[in-house]
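Read the numbers this way: they start at 1 and go in the same order the structure lists the ligands and their atoms.
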Amino acid sequence: MTRAHLRVAALALTLAFGGLVRAFAGEAATAAQDAVAADVVVLGGAVAKPIELTEAALRGLPRTEIDIAFETSKGRESARYAGALLWPLLQSAGLADASGKNPGLRHTLMITGRDGYVVALAFGELDPHFEGKSVILAYEGGTPPASFRNLQLVVPGDAHGGRSVKDIARIDVR
Ligand SMILES: Nc1nc2c(c(=O)[nH]1)N[C@H]1C(S)=C(S)[C@@H](COP(=O)(O)O)O[C@H]1N2
Ligand SMILES: [Mo]
């Protein structure tokens, strides 16, 4: 065996062993709940052109401010957030397959936090032709405060804070 062969064998063993350990431990955690490591937040998935949601990219978009108030397990929270609208970003990314009738309406967005928390939104909620909700990627406001390194989803109108994903790791179009 060459060195490369050995490396491949070692990797295969590691992967297989990891799987076995998980299976035996009967881990309840699903992939969706695992922590997500990411330096740069990417808007990707079934898009034509993935977009890196860097500070420069977000600063290049109009700043949008939104006042929200919602219930959380720790009581009522109200805050003014500032960030970039999500819809124009989706439009720049485009759909990988925009064929057929109303292609956006068969797509969803999965917004994943670094802790593995996941929230889905429908394109139809954001598209101005339909619900046209001003969902933003906030980089200011809230507690702990949103920042360019701690982006937060803000869904205006929600009664509960469950969809305000904090510390976003990635956004995937499905
Ligand atoms: N990344 C991440 N964001 C999250 C959550 C979470 O568990 N992880 N919880 C959500 C819920 S259920 C609420 S009510 C709001 C406020 O959560 P807090 O009670 O931790 O402030 O954050 C939301 N965003
Ligand atoms: Mo919550």
Exercise. Please identify which atoms of ligand 1 are closer than 4.0 Å to at least one heavy atom of Val165.
Key: 3 (N), 24 (N)

Quiz prompt | Spacing of Ser92 atom OG and Ile51 atom CD1 [to the nearest 0.5 Å] | solution = 4.5 Å

Exercise. Mark yes when over 12 heavy atoms from residues, nucleotides or ligands other than Glu52 sit less than 6.0 Å from its CD; otherwise mark no.
Key: no

Quiz item: Which distance, rounded to the nearest 0.5 Å, do you find between the NZ of Lys133 and the CG of Leu121?
Solution: 8.0 Å

Practice problem: Please answer: with hydrophobic residues joined when any side-chain heavy atoms are less than 4.5 Å apart, are Leu153 and Trp87 in the same cluster? | Solution: yes

Quiz prompt | His160, NE2: over 12 other non-hydrogen atoms inside 6.0 angstrom | solution = yes

Quiz prompt | Ligand-residue contact atoms, ligand 1 with Ser73, heavy atoms, under 4.0 Å | solution = 19 (O)

Quiz item: Can you tell me how far OH of Tyr139 sits from CD of Glu55, rounded to the nearest 0.5 angstrom?
Solution: 9.5 Å

Quiz prompt | atom 14 (S) of ligand 1 - nearest protein heavy atom and its distance | solution = His160 NE2, 3.3 Å

Exercise. Check each heavy atom of Asp115 against ligand 1 and say whether those closer than 4.0 Å belong to the side chain, the backbone, both or neither.
Key: side chain

Quiz prompt | Under 4.0 Å to a heavy atom of Ser164 - the qualifying atoms of ligand 1, by number | solution = 4 (C), 15 (C), 22 (O), 23 (C), 24 (N)

Quiz prompt | Distance from atom 12 (S) of ligand 1 to nearest protein heavy atom, with residue and atom | solution = Gly162 CA, 3.7 Å

Quiz item: By number and element, which atoms of ligand 1 are closer than 4.0 Å to a non-hydrogen atom of Lys74?
Solution: 18 (P), 19 (O), 20 (O), 21 (O)

Self-check item: Protein heavy atom at shortest distance from atom 3 (N) of ligand 1
Solution: Lys166 N, 3.0 Å

Practice problem: Calculate, to the nearest 0.5 Å, the distance between atoms CZ and CG belonging to Arg106 and Asp97 respectively. | Solution: 5.0 Å

Quiz item: So, does Glu77 sit close enough to ligand 1 that a heavy atom of it is under 4.0 Å from the ligand?
Solution: yes

Exercise. Considering only non-hydrogen protein atoms, determine which one is nearest to atom 13 (C) of ligand 1 and report residue, atom name and distance to 0.1 Å.
Key: Gly161 O, 3.4 Å

